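Worksheet: the structure to be examined is printed underneath.
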Number of protein chains: 2
Amino acid sequence: MDLNKYEGEQKILVSVDCIILGFDGEQLKALLVRRGFDPEKSGWSVMGGFIRSEESADEAANRVLHQLTGMRNVYLEQLYTFSDLNRDSGARVISITYFALIHITNYSEQLQEEHETKWFSLDNLPSLIFDHKEMVLKAHARLRERAATHALGFELLPQKFTLSQLKCLYEAIYGTPLDRRNFTKKMRSLGILKKLNEKETASSRKGAFYYVFNKSRNGNFQAGRFKT
Amino acid sequence: MDLNKYEGEQKILVSVDCIILGFDGEQLKALLVRRGFDPEKSGWSVMGGFIRSEESADEAANRVLHQLTGMRNVYLEQLYTFSDLNRDSGARVISITYFALIHITNYSEQLQEEHETKWFSLDNLPSLIFDHKEMVLKAHARLRERAATHALGFELLPQKFTLSQLKCLYEAIYGTPLDRRNFTKKMRSLGILKKLNEKETASSRKGAFYYVFNKSRNGNFQAGRFKT
DNA sequence: CCAAAAGTGTTCATGCTACACCCATGA
DNA sequence: TCATGGGTGTAGCATGAACACTTTTGG
């Protein structure tokens with residue numbers, strides 16, 4: 001118990017929930033987990049846990065993320081705090097949500113089975129418990145916002161990637177097709193890509209050059225929107 | 001006590017803090033209050049209160065706002081949740097912050113004295129308790145973001161206003177001077193202003209037409225940034 | 001008649017959009 | 001040799017930036 005100078009005030013259960021997003025090369029996906037306890041046992045939910053008295057919400061989010069994915073140093077950003085009285089049918093719980101972007105390939109099938117988790121396309125989500133669907137939708141919306149001003153997309157792609165893959169990613173984020181020529185032109189003009197001498201040959205006869213993200217030049221990234 | 005299916009989990013004190021912003025025709029200001037209790041008694045702080053067990057954070061924020069300003073139906077948006085362990089020296093408190101935009105003229109001097117509150121320019125804030133300065137800065141940053149995509153500015157101006165006043169407001173929001181001609185051209189092109197037949201004559205010989213905000217045409221507001 | 005703010009228009013540069021042609025290669 | 005995805009360039013258009021002149025009227 002901490003020294004409490006605010007006696008008489010009511011305490012509340014506070015959880016963190018992490019909406020974990022990944023990209024499989026074609027679609028944006030969210031990593032959902034089958035809930036292991038009541039209420040709503042075995043319903044699909046995002047990953048969460050209660051905040052402990054010795055940790056901040058950021059720390060709790062990182063802990064939850066690490067427990068289920070084994071990952072650290074992941075892109076993690078606070079999203080929104082949900083506090084409706086009856087949002088959780090088990091008790092009054094306030095949930096601070098975070099969204100995380102991970103390299104989908106780093107999350108093995110083995111881990112999926114261990115934790116009863118599964119990737120779902122954002123276009124085809126299952127029924128989710130409580131207000132978790134709203135959380136996922138808000139995460140997608142935030143990703144769309146961020147993509148215009150931060151080079152976030154790179155958190156979702158493997159270290160080296162082709163311009164086609166990058167284009168697919170932005171199409172998935174915005175939900176709209178982009179013009180290949182205009183897209184690559186703009187991307188190259190931003191000066192945040194470094195072309196490698198290596199080609200990806202699996203998906204085309206000619207082969208497409210790999211690129212890596214040039215972090216040093218990321219200071220003034222301003223992509224605006226990508227249209228057409 | 002609610003029925004708690006999550007026994008053994010720790011509860012935490014949760015407060016809401018409202019960063020109230022206004023515009024006096026020249027500067028953006030924040031309404032701060034002298035704290036009336038320990039710890040940090042009589043330090044400047046934003047307006048806050050603990051969340052009660054029968055209200056959501058949104059409801060709590062509206063309650064706090066109403067208590068101190070008497071206003072309802074104010075623009076109020078959730079901002080960020082602060083949760084560092086030692087952010088409040090009295091106890092471990094998680095704070096869900098909101099920012100509010102009000103018409104500064106609606107807040108009388110009488111109310112200021114009653115509640116020991118005062119308007120401070122965002123450029124000249126006093127020393128604030130805990131992490132409240134960070135809250136105010138985050139509110140200003142959010143206002144800057146929103147001003148580009150929502151017609152928020154109108155929440156801060158009186159019902160009828162001149163283009164000069166509107167320009168001043170945007171200059172205060174962005175902290176940069178704007179070109180009068182380009183600004184008015186763009187504003188008029190957005191189709192969200194309605195010109196009145198009435199002039200404001202106090203601040204110029206010629207007199208400037210009043211405008212009102214045309215709410216019906218606010219569907220697809222996209223101001224982008226205002227530069228130069 | 002002059003100072004001070006208001007109202008309006010033109011030019012130039014930049015960036016976005018739309019669109020077409022050639023390249024490399026495995027089958 | 002041909003189908004498939006990869007790479008690049010150009011012309012037109014829209015938007016933003018820079019900038020100057022006229023109008024009104026109280027003093």
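The chains referred to below are lettered A, B, ... by the order of the sequence lines, with proteins before strands, and numbering in each begins at 1. Since this is a predicted model, take the numbers as computed values, not measurements.
For dA20(C), the base has a donor-acceptor partner in the side chain of Arg181(A) [N/O atoms by modelled type, under 3.5 angstrom]. Applying the 3.5 Å distance criterion, the base of dT25(D) shares no donor-acceptor pair with the side chain of Lys206(B).
Relative to the six-membered ring of Trp44(B), Arg35(B) misses at least one condition, a distance below 6.0 Å or an angle of at most 45° to the axis.
Using a 4.0 Å heavy-atom distance criterion, Ser203(A) is classed as a sugar-phosphate-only contact. Looking at heavy-atom distances under 4.0 Å, Ser164(A) makes contact with sugar-phosphate atoms alone, never a base.
For Arg180(B), taking side-chain heavy atoms from C-beta onward, the closest of the listed nucleotides dC23(C), dT8(D), dG7(C) is dG7(C). Side chain of Arg205(B), nearest nucleotide from dA4(C), dC19(D), dG7(C): dA4(C).
In this structure, Arg63(A) does not pair ionically with Glu59(A), as no charged nitrogen and carboxylate oxygen lie closer than 4.0 Å.
In this entry the distance linking CZ of Phe183(A) with P of dC19(C) reads 20 Å, nearest Å. The distance between atom CD of Glu200(A) and atom P of dG26(C), rounded to the nearest whole Å, is 13 Å. Per the geometry, CG belonging to Asn182(B) stands 13 Å off C1' belonging to dA13(C), to the nearest Å. Computed from coordinates, the Leu193(B) CG to dG7(C) C1' distance equals 15 Å when rounded to whole Å. One can place CZ of Phe209(B) at 11 Å from C1' of dT24(D), the figure rounded to the nearest angstrom. Here dC16(C) presents its C1' atom at 13 Å from CG of Leu190(A), a figure rounded to the nearest Å. Taking atom CG of residue Leu178(B) and atom C1' of nucleotide dC19(D), one finds them 16 Å apart after rounding to whole Å. The interatomic distance linking Lys167(A) (NZ) with dG7(D) (C1') rounds to 14 Å, in whole Å.
Residue Lys118(A) qualifies as open at atom NZ: its count of foreign heavy atoms under 6.0 Å is 12 or below. Heavy-atom contacts from other residues, nucleotides or ligands closer than 6.0 Å to NZ of Lys194(B) number 12 or fewer.
Nearest-nucleotide positions on DNA chain D for Lys185(A) and Ser204(A) put Ser204(A) closer to the 5' end.
The shortest distance between side-chain heavy atoms of Asp58(A) and Tyr98(A) falls below 4.5 Å.
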